[in-house]
Peer 1: 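Take a look at the following structure, please.
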Amino acid sequence: MDTTRVQVLVVGAGLAGTATAMFLADRGIDTLVVERHPGTSLHPKAAGQNPRTMELLRTAGVVDEVLAASPFTGGHNFEIKVATSVHGTVLKRIVAGDETRLWDALSPLPMGMATQVQLEPIMVDRARELGARVRFDTELVSFDQDTLGVTARLVHRPTGTLSQVRADYVVAADGHRSPIREQLGISRHGWGSLSHYAGIVFDTDPERLADVASTLFYLQHPEFTGVFGSTHVRGRHIFAVEYDPARGESISDFTPERCTALIRLGLDDPALELELRTVQAWEMAARVADTFRDGRVFLAGDAAKVTPPTGGLGGNTAIGDGFDLAWKLAAVLRGQAGPGLLDSYDPERRTVAELVVAESLANYVDRMAPQLRSDAVPIPSGYLEVVFGVRQRSEAVLIDDEDPAPVEDPRKPSGRPGFRAPHVPLVLDGVDMSTVDFFGRDWVLLTGTEGGVWHEAAKHVAGRLGIVVRTVGLGPA
């Protein structure tokens, strides 16, 4: 059996896998992606890219495509409501239109509103353009690792053809069931299963629901708990309804007649004409892997953590996993850092995962499960803090203070080690830009206008180490 040699094998072409491959290829790393399904996701889930994710996507050159795929620019018309029905009593407003403009002070980029169905192909195409190889209909059947690399055995599902890959590292982005995680024996902790839903995709006259097309509804209807929202396809919508297997309920209960009746109830439109596209069962859960790394294998995305979708943090975190892992793998594989840098991935990203799950759980109780005791849910840090204000802690970060807080208020950034560089508007050579624009590609040294000696030292060190260090001197306008 012939063996293909690659630097990184990525298993899974969901958000985490496609992002990891794109960011790796953008750094010149020989990358192969394998995906057991014939293509990327067909279900319009995980919609919305927060501004921090957009900053990461910009480093790979796809932010314009994401904005072009968004149904409304920057998310500024987007609303979230908890209501008894679409036109019924509004119990709570979570996001009200222009409130998202408050985020503009924290990032130079707006929010994107592409769905997973749109974003995955964008990242696959960019990864291929940058040199990555992608094989669909290809499943990992077994693997072994040693001190020098990982040997993976694959099967092409339509033909049964076997092949073998030898990689320096493997990224397990193979979903919440993750056969790779299971083979490694990595356990998980957390709340576990929270609820079960029937996810219904349907089409209807787009003008009939035009007034609610930019609103996500959490429905606390007297007869059911559910969710309603629009997709990237004009006239296509998602309607999800909770069911309870403990009471003998199952996905088979959702006949076309019942689905139609529930949709009409939730939308306050008993005469609504609609066409059902799919009815799919899914479990809402909260679980975090006990470790994100085993030797040369790293977990990313849902393989590493599963979080309720309330808050839209799951898909964004998957992309963040991919970015963080890609730049660290690239630095090691290109000889810019020692392998010890990879030890920082687990503590840094697992901290993010725990914070994301806590935030999403609190949102779940608030929006969909008010019957649960809120004091039994981990205390959330706050949306802005989780997106912009997490402190990275690992042996790779030199922290010189004793503050144990995992986050800070990004509206009052401290600039301390471990935090994201704050957004400060600048004018450089007559061009408006941000301090954030300096980060994401190379090592960066920021100084004041009198920092010339530091710039020369950085160039000297960069030359000796064979790395790129961007030096920037900032001063008053």
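All residue numbers refer to positions in the sequence shown, counting from 1.
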Peer 1: Is the backbone N or O of Val288 less than 3.5 Å from a side-chain atom of His189, with the two atoms forming a donor-acceptor pair by type?
Peer 2: yes
Peer 1: Given side chains that start at C-beta, do those of Leu384 and Asp409 come closer than 4.5 Å, heavy atoms only?
Peer 2: no
Peer 1: Run the side-chain contact (heavy atoms from CB on, under 4.5 Å) check on Leu15 and Met123 step by step: do they pass?
Peer 2: CA-CA 8 Å; Leu15 289 174; Met123 293 194 292; 4.0 Å; yes
Peer 1: Shortest non-hydrogen contact from Thr447 to His455?
Peer 2: OG1-NE2, 2.8 Å
Peer 1: Tell me yes or no: between the side chains of Ser344 and Lys328, is some donor less than 3.5 Å from an acceptor?
Peer 2: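 Looking only at side-chain atoms, Lys328 and Ser344 do form a donor-acceptor pair, the distance falling under 3.5 Å.
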Peer 1: Quick one: closest heavy-atom pair of Val390 and Phe419, and the distance?
Peer 2: O-CD2, 3.7 Å
Peer 1: If you measure from the Lys or Arg side-chain nitrogens to the Asp or Glu carboxylate oxygens, is any gap between Arg58 and Glu55 under 4.0 Å?
Peer 2: no
Peer 1: Hey, are Thr53 and Asn50 close enough side-chain-wise for a donor-acceptor pair under 3.5 Å?
Peer 2: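 Looking only at side-chain atoms, Thr53 and Asn50 do form a donor-acceptor pair, the distance falling under 3.5 Å.
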Peer 1: Considering only NZ, NE, NH1 and NH2 on the basic side and carboxylate oxygens on the acidic side, decide whether Glu65 and Arg126 come within less than 4.0 Å.
Peer 2: no
Peer 1: Given the rule in the side-chain contact (heavy atoms from CB on, under 4.5 Å) test, do Ile122 and Leu57 qualify, once you have shown the distances and angles that lead to the verdict?
Peer 2: CA-CA 11 Å; Ile122 289 173; Leu57 293 172; over 6 Å; no
Peer 1: In the structure I gave you, are the side-chain heavy atoms of Phe292 and Leu325 within less than 4.5 Å of one another anywhere?
Peer 2: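 Not in contact.
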Peer 1: Nearest 0.5 Å please: distance from the CG atom of Leu342 over to the OG atom of Ser394.
Peer 2: 11.0 Å
Peer 1: Determine whether Glu79 and Val212 satisfy the following criterion, side-chain contact (heavy atoms from CB on, under 4.5 Å), listing intermediate values before the conclusion.
Peer 2: CA-CA 9 Å; Glu79 294 187 316; Val212 295; over 6 Å; no
Peer 1: Quick check: does any side chain N or O of Thr291 sit under 3.5 Å from a backbone N or O of Ile186, one acting as donor and the other as acceptor?
Peer 2: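 Not at all, since once roles are kept as given, no pair shorter than 3.5 Å links the two residues.
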Peer 1: Applying the salt bridge (Lys or Arg N to Asp or Glu O under 4.0 Å) criterion to Arg293, which one of Asp321, Asp343, Asp346 satisfies it?
Peer 2: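 Output: one option passes, namely Asp343.
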Peer 1: Within a reach of under 6.0 Å around CH2 of Trp282, are more than 12 heavy atoms found that belong to other residues, nucleotides or ligands?
Peer 2: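 Counting other residues, nucleotides and ligands, CH2 of Trp282 exceeds 12 neighbours.
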Peer 1: Between atom CG of Leu329 and atom OG1 of Thr20, what is the distance when rounded to the nearest 0.5 Å?
Peer 2: 8.5 Å
Peer 1: List the atom of Met368, the atom of Thr310, and the distance in Å for their closest heavy-atom pair.
Peer 2: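 That closest heavy-atom pairing would be SD-CG2, 3.7 Å.
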Peer 1: I need the minimum non-hydrogen distance between Phe439 and Ala421, along with the two atoms involved.
Peer 2: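 Closest approach of Phe439 to Ala421: CE1-CB, 3.5 Å.
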Peer 1: Checking Arg181 side chain against Ala304 main chain: does a donor-acceptor pair fall under 3.5 Å?
Peer 2: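 Not confirmed, Arg181 side chain does not pair with Ala304 backbone.
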Peer 1: Does Phe136 offer a backbone N or O that forms a donor-acceptor pair with the side chain of Thr138 under 3.5 Å?
Peer 2: yes
Peer 1: Side chains of Ser195 and Tyr364: donor-acceptor distance under 3.5 Å anywhere?
Peer 2: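 Yes, side-chain donor-acceptor contact under 3.5 Å.
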Peer 1: Does the side chain of Thr18 pick up a donor-acceptor pair with the side chain of Glu120 at under 3.5 Å?
Peer 2: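 Side chains of Thr18 and Glu120: no pair found under 3.5 Å.
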Peer 1: I'd like to know if Asp442 and Arg470 make a salt bridge, using a cut-off of under 4.0 Å between side-chain N and carboxylate O.
Peer 2: no
Peer 1: Can you check whether Pro417's main-chain N or O pairs, donor with acceptor, with Arg391's side chain at less than 3.5 Å?
Peer 2: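 Yes, because the side chain of Arg391 sits within donor-acceptor range (under 3.5 Å) of the backbone of Pro417.
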Peer 1: Would you say Gln220's side chain and Arg367's backbone share a donor-acceptor pair under 3.5 angstrom?
Peer 2: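 Checked: pair present.
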Peer 1: I'd like to know if the side chain of Ser360 and the backbone of Val357 have a donor-acceptor N/O pair within less than 3.5 Å.
Peer 2: no
Peer 1: Gln392 versus Val352: any side-chain heavy-atom pair under 4.5 Å?
Peer 2: yes
Peer 1: Are Val227 and Ile238 side-chain neighbours, meaning at least one heavy-atom pair lies under 4.5 Å?
Peer 2: no
Peer 1: Could you tell me whether the side chain of Pro108 reaches within less than 4.5 Å of the side chain of Asp437, counting heavy atoms only?
Peer 2: yes
Peer 1: Please check if the number of heavy atoms outside Arg411 that lie under 6.0 Å from its CZ is greater than 12.
Peer 2: no
Peer 1: Less than 4.0 angstrom from a charged side-chain N to a carboxylate O is my criterion; do Asp30 and Arg5 meet it?
Peer 2: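 Salt bridge: no.
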Peer 1: Determine whether Val11 and Phe143 make a side-chain contact, defined as any pair of heavy atoms from C-beta on separated by less than 4.5 Å.
Peer 2: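 No. Closest side-chain heavy atoms not under 4.5 Å.
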Peer 1: What's the separation between atom CH2 in Trp327 and atom CG in Leu56, rounded to the nearest 0.5 Å?
Peer 2: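 Reported value, rounded in 0.5 Å steps: 12.5 Å.
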Peer 1: If only atom types and distance count, is the side chain of Arg334 paired as donor or acceptor with the main-chain N or O of Arg27 below 3.5 Å?
Peer 2: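 Flag set: sc Arg334 to bb Arg27 pair under 3.5 Å.
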Peer 1: Distance-only, no hydrogens or angles: does the Thr31 side chain make a donor-acceptor pair with backbone N or O of Ala132 under 3.5 Å?
Peer 2: no
Peer 1: Only counting residues at least two apart or in another chain, list the ones meeting ring pair (Phe, Tyr, Trp, His ring centres under 6.0 Å) with Tyr345.
Peer 2: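 Result, ring pair (Phe, Tyr, Trp, His ring centres under 6.0 Å) vs Tyr345: Phe298.
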Peer 1: Can you name the closest pair of heavy atoms from Gly229 and Leu216 and give their distance?
Peer 2: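 Minimum heavy-atom separation between Gly229 and Leu216: CA-CD1, 4.3 Å.
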Peer 1: Under 3.5 Å, is there a donor-acceptor pair linking the side chains of Glu408 and Ser414?
Peer 2: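 The criterion, which ignores hydrogens and geometry beyond distance, is satisfied for Ser414 and Glu408.
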Peer 1: Has the side chain of Arg236 got a donor or acceptor atom that lies under 3.5 Å from a matching backbone atom of Val201?
Peer 2: no
Peer 1: From Leu313 CG over to Lys305 NZ, what is the distance, rounded to the nearest 0.5 angstrom?
Peer 2: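 If we round to the nearest 0.5 Å, Leu313:CG and Lys305:NZ are 9.0 Å apart.
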Peer 1: Assess whether a salt bridge exists between Arg166 and Asp146, defined as any Lys/Arg side-chain N lying under 4.0 Å from an Asp/Glu carboxylate O.
Peer 2: yes
Peer 1: What verdict does the side-chain contact (heavy atoms from CB on, under 4.5 Å) test give for Phe438 and Leu426, after you've listed the backbone C-alpha separation in whole Å, the side-chain angles of each residue and the deciding distance to 0.1 Å?
Peer 2: CA-CA 11 Å; Phe438 299 130; Leu426 301 170; 3.6 Å; yes
Peer 1: Is any side-chain heavy atom of Asp294 closer than 4.5 Å to a side-chain heavy atom of Gln145?
Peer 2: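 Counting from C-beta outward, Asp294 and Gln145 do come under 4.5 Å.
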Peer 1: Considering non-hydrogen atoms only, spot the tightest contact between Val165 and Thr3 and give its length.
Peer 2: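 Minimum heavy-atom separation between Val165 and Thr3: C-CG2, 4.2 Å.
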Peer 1: For the residue pair Thr317 and Arg349, establish whether any side-chain heavy-atom pair is separated by less than 4.5 Å.
Peer 2: yes
Peer 1: Can you measure from OG1 (Thr215) to CG (Leu209) and round to the nearest 0.5 angstrom?
Peer 2: 11.0 Å
Peer 1: Which value, rounded to the nearest 0.5 Å, describes the distance between Thr307 atom OG1 and Arg287 atom CZ?
Peer 2: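 So the OG1 of Thr307 and the CZ of Arg287 are separated by 11.5 Å.
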